[in-house]
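Below, each value reflects all heavy atoms present in this structure, side chains not excepted, and no hydrogens, waters or symmetry copies. If you read the sequence from its start, that first residue is 1, and numbering goes on from there.
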Amino acid sequence: MSGTEELEDYDDYRTTDVLVVGSGIAGLAAALGAAREGADVTVATKAARPEGASSWWAQGGIAVSRDDPDQFKEDILTASADTADPQAVDVLVDEANDAVSDVLVDTLGVEFDTSGDDGSGGDAGDFDFGREAAHDEPRILHVDASTGKAIHVPFLNYLDGHDDVTVRDDTAALELVSHEGRIHGALLEHGGEVTPTFAGATVLATGGIGDLYPHSTNPDGSTGDGVAMAALAGADVEDMEYVQFHPTVYPGSDEEGDGPFLVSEAVRGEGAHLLNAEGERFMPDYHADAELAPRDVVARAVQNEREATGEVVLDVSPLDFVGEFPDLVEKCEERGVDWGSGIPVGPAEHFLCGGVDVDTHGRASLDRLYAVGECSRTGVHGANRLASTSLLEGLVWGLRAGEDASEYDPEIVEAPELLDRDPALPENFAGEKFHRLRRVMDEYVGLRRDPDDLGRAQAVLRRLKGEVDAYVRTRTARSLYELRHASVTALLVTRAAAENERSVGTHNLVEEPAKSQAD
C-alpha cells in the first residue's frame, strides 16, 4: 500500500461460511466442528505455526471426568471460589470424556502417557492420569510435560489435509465487520495488505493477554485481539479482572539462552515442594493443601516469600524428575539450571479467566459472533481456573461453537474504511508504548491491587489509548492495531478490577502505598 492510499474501495475480498480467528486448540476445534457439518472454513492465524499458539505451550495436560463428573465439577467450583457458573461447568464435565476420546484419541491419534511408560510395570493400555493442584483425584491426561505440542501439531496437520478448511498463516484480524448488530467477518492483514473476509459466522479464538505484562507464560503476540475487537464492536465482556498468575515460572535472565519457562503444576502434583531462600517449606503455612492449593493462593504465597527472603525454589528431589519430566530437565540443562539444587521460580501472568461473554454454544451478544478458548468468558473458570481445564474448555466449546456457527451463509456488506495516508510510524513507536503499558499493568494491576493504584492505572491507560487511537485514524499497520487491542484490553481489565470491591480468587485487593508513578 502506498502511504496515501485510502482502504475504502477493496479490489478484492474473500468469503467463507465460518471464519475462525486463532489457531489454538479452541480455534482448531471450532474449525473441525464446522467442517464436520459441511461448512467451508477459513482459519486466520497471525502466529507462526505451531509455536505461536498458546496451546502449543501447554505443559500439564488435559483434565477429563473419568467416572466421577460430580467430583470434577466440585473441584472446578471450589477452585473458582464458588464463582463459576454451574450450568457451564455441567457442560464441561458432561462432555469432557467424549470430546477427548472422539477428537484427540480417535481422530488425531494423540498418544497420551500410559501407566507402563514410566517403567512401573503397569498395563500400558491404562492411561497414566496425573494430579494437579486443587484436583481431588488424578484425572489429567498428559504427554510428558509437552501435552500442548502433542495435541496441537497433529490437530494442525489434520486440518491442513481437510478439503473444507483453509489455514491462513501470518494473517492478523484488525477489525470486525459489523452491520446493524450482526458480525459479517473481519478485515484481515497479510504482508501489509488488508482484505475483508465476509463470513456467515465469525469465531474468535485469539488466546490470552500475556503481552500486557512483562512476565508471562503466553507466546509473543498475545495482545487480547479478540476481546478488544469484540468490545469495540459492542459485544459484552465479563470477568476481565480475573487474571491468573502461574506460581511456578523460571524467570530467566537477560543472558542469551536463559529465557523463562513454565514449570508444570504436575511437578507439584507428583510431590515437589516449594522452599524459600532459607530452605523452609512454606506452603503448609498458607493453605491446608500446601503445594496443591488453588493457583491464586500459591502464586501470592510464592510472591510473599520471594519478597521476604529473596528467592523461592521448587525442590524436585522427592520425585523421579528425570524419568517423569524429561522435557523440563532439558529446559533446565539448556539454561544451566541445577535442578538438583532446586529450580528458581516466581509468578507470571498465565491466563485470562474472563473475556467475551458467551453462552454454552460460544455465542456472544452480537449476532453471528462466537468466542471460544481464553478470549471467551464461558463461566467455567469464575475467579480462578482449575489446572488443566483450559485445553478441555477450548476443545468442548470449540466443537459446540463450530457446529452451531456452520448454519449461516456469508453476506457482503460495507466494510470499515481503514486509512493509510500519513507517514509510517517510527520504528520503536509500538515498543515504547508497550513498555509503558506493561509497566502500568505490572505495578498496578498484578497479583495484588490497591484501589487507589487502579484509579491511577485507568488514567494512564486512557491517555495511552487516546494516543494510539489518534494514530489508527490515519495509519494501518499490524503493530499499531495490536497496540490498540492491548490498550483496550488493559483498560477493560483495570476498569473491571476497580469496579469489583471484593477480593476473590485471582482478584486480590490490598491497601498499600503506591509503588511509583508509572506514567
Undergrad: Applying side chain to side chain donor-acceptor pair (under 3.5 Å) to T494 and Q458, what does each step give before you reach the verdict?
TA: CA-CA 6 Å; T494 307; Q458 286 190 83; over 6 Å; no

Undergrad: Drop me the distance from L464's CG to R484's CZ, to the nearest 0.5 angstrom.
TA: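 Spacing of CG (L464) from CZ (R484) equals 13.0 Å.
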
Undergrad: For a quick test of reading the model, state the closest non-hydrogen atom pair linking P347 to A299 and the distance between them.
TA: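 Residues P347 and A299, closest heavy atoms: CG-O, 3.5 Å.
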
Undergrad: Answer yes or no: is there a donor N or O on one side and an acceptor on the other, between the side chain of S388 and the main chain of A63, under 3.5 Å?
TA: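 Checking the backbone N and O of A63 against the side chain of S388, no donor-acceptor pair under 3.5 Å is found.
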
Undergrad: How far apart are the closest heavy atoms of A79 and A134, and which atoms are they?
TA: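 Closest heavy-atom pair between A79 and A134: CB-CB, 4.3 Å.
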
Undergrad: I'd like to check R168 versus H190 (side-chain heavy atoms, cut-off strictly below 4.5 Å). Are they in contact?
TA: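 Result no, sub-4.5 Å side-chain heavy-atom pair not found.
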
Undergrad: Honestly, is R385 close enough over F351, meaning NZ or CZ under 6.0 Å from the six-membered ring centre and within 45° of the axis?
TA: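 That pair qualifies as a cation-pi contact.
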
Undergrad: First locate atom OH of Y158, then atom CG of L28, and finally report the distance between them rounded to the nearest 0.5 Å.
TA: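 Nearest 0.5 Å value for the OH-CG distance: 12.5 Å.
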
Undergrad: Assess, by modelled atom type and distance only, whether the side chains of T107 and R36 contain a donor and an acceptor separated by less than 3.5 Å.
TA: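 Note: T107 and R36 side chains meet the donor-acceptor criterion.
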
Undergrad: What orientation do H179 and H184 show, parallel under 30°, tilted 30 to 60°, or perpendicular over 60°?
TA: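 Correct class here is tilted.
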
Undergrad: Name the residue from D85, D82, D90 that meets the salt bridge (Lys or Arg N to Asp or Glu O under 4.0 Å) definition with K73.
TA: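 Among D85, D82, D90, the one that satisfies the salt bridge (Lys or Arg N to Asp or Glu O under 4.0 Å) with K73 is D90.
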
Undergrad: Distance-only, no hydrogens or angles: does the S365 side chain make a donor-acceptor pair with backbone N or O of D236 under 3.5 Å?
TA: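 Flag set: sc S365 to bb D236 pair under 3.5 Å.
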
Undergrad: Would you check if the side chain of R449 reaches a backbone N or O of L454 as a donor-acceptor pair within less than 3.5 Å?
TA: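 No, because the side chain of R449 does not come within donor-acceptor range (under 3.5 Å) of the backbone of L454.
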
Undergrad: Determine, step by step, whether D450 and L509 satisfy the side chain to side chain contact (heavy atoms under 4.5 Å, CB included) criterion, reporting the C-alpha distance in whole Å, the side-chain angles of both residues, the deciding distance to 0.1 Å, and the verdict.
TA: CA-CA 6 Å; D450 177 82; L509 291 171; over 6 Å; no

Undergrad: Determine whether a donor-acceptor pair (N or O, by modelled atom type, separation under 3.5 Å) exists between the side chain of T506 and the backbone of A383.
TA: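 Checked: pair present.
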
Undergrad: Looking only at side-chain N and O atoms, does Q244 offer a donor or acceptor that is under 3.5 Å from a partner on N384?
TA: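 A pair is found: one side chain offers a donor N or O, the other an acceptor, under 3.5 Å apart.
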
Undergrad: Is the backbone N or O of V93 less than 3.5 Å from a side-chain atom of S65, with the two atoms forming a donor-acceptor pair by type?
TA: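 Checked: pair present.
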
Undergrad: Of all heavy-atom pairs between V440 and A457, which one has the smallest distance, and what is that distance?
TA: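 Taking V440 first and A457 second, the nearest heavy atoms are CG1-CB, 3.7 Å.
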
Undergrad: Heavy atoms only: give me the nearest L386-A133 pair and the separation to one decimal.
TA: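 Shortest heavy-atom separation between L386 and A133 comes out as CD1-O, 3.5 Å.
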
Undergrad: Between R456 and D453 (salt bridge meaning N to carboxylate O under 4.0 Å), is one present in this structure?
TA: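 Yes, this pair counts.
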
Undergrad: Would you say S406's side chain and A34's backbone share a donor-acceptor pair under 3.5 angstrom?
TA: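 It does not hold such a pair.
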
Undergrad: Report yes if some heavy atom in the side chain of M240 is under 4.5 Å from a heavy atom in the side chain of L352; otherwise report no.
TA: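 Yes, side chains in contact.
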
Undergrad: Do R438 and H215 make a side-chain contact, defined as non-hydrogen atoms from C-beta onward lying under 4.5 Å apart?
TA: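 The answer is no; the side chains never approach within 4.5 Å.
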
Undergrad: List the steps and the verdict of salt bridge (Lys or Arg N to Asp or Glu O under 4.0 Å) for R400 and D404.
TA: CA-CA 6 Å; R400 292 169 72 89; D404 197 81; over 6 Å; no

Undergrad: Can you tell me which residue among T45, V20, V21 is in a side chain to side chain contact (heavy atoms under 4.5 Å, CB included) with T206?
TA: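 So the option named by the test is V21.
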
Undergrad: Judged by atom type as modelled, is there a donor-acceptor pair below 3.5 Å linking the side chain of T171 to the main-chain atoms of D169?
TA: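 Yes, the answer is positive, given that a donor and an acceptor are paired below the 3.5 Å cut-off.
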
Undergrad: Quick one: closest heavy-atom pair of L108 and P154, and the distance?
TA: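 Heavy-atom minimum between the residues: CD2-O, 3.9 Å.
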
Undergrad: Side chains of K46 and T223: is there a donor and an acceptor less than 3.5 Å apart?
TA: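 There is such a pair between these side chains.
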
Undergrad: Kindly indicate, with the supporting measurements, whether the criterion side chain to side chain contact (heavy atoms under 4.5 Å, CB included) is fulfilled by L461 and R495.
TA: CA-CA 10 Å; L461 293 170; R495 185 181 302 150; over 6 Å; no

Undergrad: Considering only heavy atoms from C-beta outward, does the side chain of L212 approach that of L437 to under 4.5 Å?
TA: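 A side-chain contact under 4.5 Å exists here.
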
Undergrad: Would you mind checking if R478 and E189 are paired as a salt bridge, meaning a charged N to carboxylate O distance below 4.0 Å?
TA: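 Looking at E189 and R478, the cut-off is met.
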
Undergrad: Might you confirm whether atom CD of Q87 has over 12 heavy atoms from other residues, nucleotides or ligands at distances under 6.0 Å?
TA: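 Open.
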
Undergrad: For a quick test of reading the model, state the closest non-hydrogen atom pair linking V227 to C375 and the distance between them.
TA: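 So the minimum-distance heavy-atom pair works out to CG2-O, 3.6 Å.
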
Undergrad: So does R377 pair up with D239, basic N to acidic O under 4.0 Å?
TA: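 Counted as a salt bridge, because a side-chain N and a carboxylate O are separated by less than 4.0 Å.
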
Undergrad: Return the orientation label for the F261 and Y250 ring planes: parallel under 30°, perpendicular over 60°, tilted otherwise.
TA: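 Rings of F261 and Y250: tilted, 30 to 60°.
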
Undergrad: Within the structure provided, determine whether S376 and V358 are in side-chain contact (heavy-atom separation under 4.5 Å).
TA: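 Touching, per the 4.5 Å side-chain cut-off.
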
Undergrad: When rounded to the nearest 0.5 angstrom, what is the spacing between OG1 in T15 and CD1 in I412?
TA: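 Here the rounded value is 6.0 Å.
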
Undergrad: Can you tell me how far CG of L176 sits from CG of L366, rounded to the nearest 0.5 angstrom?
TA: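 If we round to the nearest 0.5 Å, L366:CG and L176:CG are 8.5 Å apart.
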
Undergrad: When you measure from the side chain of S178 to the backbone N and O of G181, does any donor-acceptor pair fall under 3.5 Å?
TA: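 Such a contact is absent between S178 side chain and G181 backbone.
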
Undergrad: Which residue in the set V194, L174, L19 passes side chain to side chain contact (heavy atoms under 4.5 Å, CB included) when paired with L188?
TA: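 So the option named by the test is L19.
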
Undergrad: Between H152 and L156, does a side chain to side chain contact (heavy atoms under 4.5 Å, CB included) hold up when you go through it step by step?
TA: CA-CA 6 Å; H152 196 228; L156 271 173; 3.7 Å; yes

Undergrad: Ignoring hydrogens and angles, state whether a donor on the side chain of H381 or E393 is under 3.5 Å from an acceptor on the partner side chain.
TA: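 Yes - a donor-acceptor pair under 3.5 Å links their side chains.
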
Undergrad: Decide yes or no for P196 and R14: does some side-chain heavy atom of the first lie under 4.5 Å from some side-chain heavy atom of the second?
TA: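 No, their side chains stay 4.5 Å or more apart.
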
Undergrad: Should the pair E411-R368 be classified as a salt bridge under the 4.0 Å nitrogen-to-oxygen rule?
TA: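 Result for this pair is yes, salt bridge flagged.
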
Undergrad: Quick one: do R363 and D359 make a salt bridge, cutoff under 4.0 Å?
TA: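 Yes.
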
Undergrad: When you look at L204 and D225, which way does the side chain to side chain contact (heavy atoms under 4.5 Å, CB included) test go after all the steps?
TA: CA-CA 9 Å; L204 299 174; D225 300 334; over 6 Å; no

Undergrad: Report yes if the side chains of V237 and D357 come closer than 4.5 Å at any heavy-atom pair, otherwise no.
TA: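 They are not in side-chain contact.
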
Undergrad: Ignoring hydrogens and angles, tell me if any N or O in the side chain of N218 forms a donor-acceptor pair with the backbone of H350 under 3.5 Å.
TA: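 Present.
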
Undergrad: Please tell me whether N500 and Y242 have a donor and an acceptor in their side chains that are separated by less than 3.5 angstrom.
TA: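 There is such a pair between these side chains.
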
Undergrad: Do H135 and D75 pair up side chain to side chain, a donor and an acceptor below 3.5 Å, judged on atom types alone?
TA: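 No pair is found: no donor N or O on one side chain lies under 3.5 Å from an acceptor on the other.
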
Undergrad: Is the shortest heavy-atom distance from the side chain of V41 to the side chain of H162 under 4.5 Å?
TA: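 V41 vs H162: side chains apart.
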
Undergrad: Is a donor on one side and an acceptor on the other found under 3.5 Å between the side chain of H507 and the backbone of S503?
TA: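 Absent.
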
Undergrad: Would you call the rings of Y471 and F429 parallel, tilted or perpendicular if under 30° counts as parallel and over 60° as perpendicular?
TA: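 Correct class here is tilted.
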
Undergrad: Please report the interatomic distance CG(L77) to CZ(F72), rounded to the nearest 0.5 Å.
TA: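 Answer for the CG-CZ pair, L77 versus F72, is 11.0 Å.
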
Undergrad: If we ignore angles and hydrogens, is there a donor and acceptor under 3.5 Å between the side chains of E349 and S216?
TA: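 Checked: E349/S216 side chains pair up, N/O donor to acceptor below 3.5 Å.
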
Undergrad: Salt bridge check: are D469 and K465 linked by an N-O gap of less than 4.0 Å?
TA: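 Looking at D469 and K465, the cut-off is met.
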
Undergrad: Output the distance between atom OG1 (T147) and atom CD1 (I62), rounded to the nearest 0.5 Å.
TA: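 Reported to 0.5 Å precision, the distance equals 9.0 Å.
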
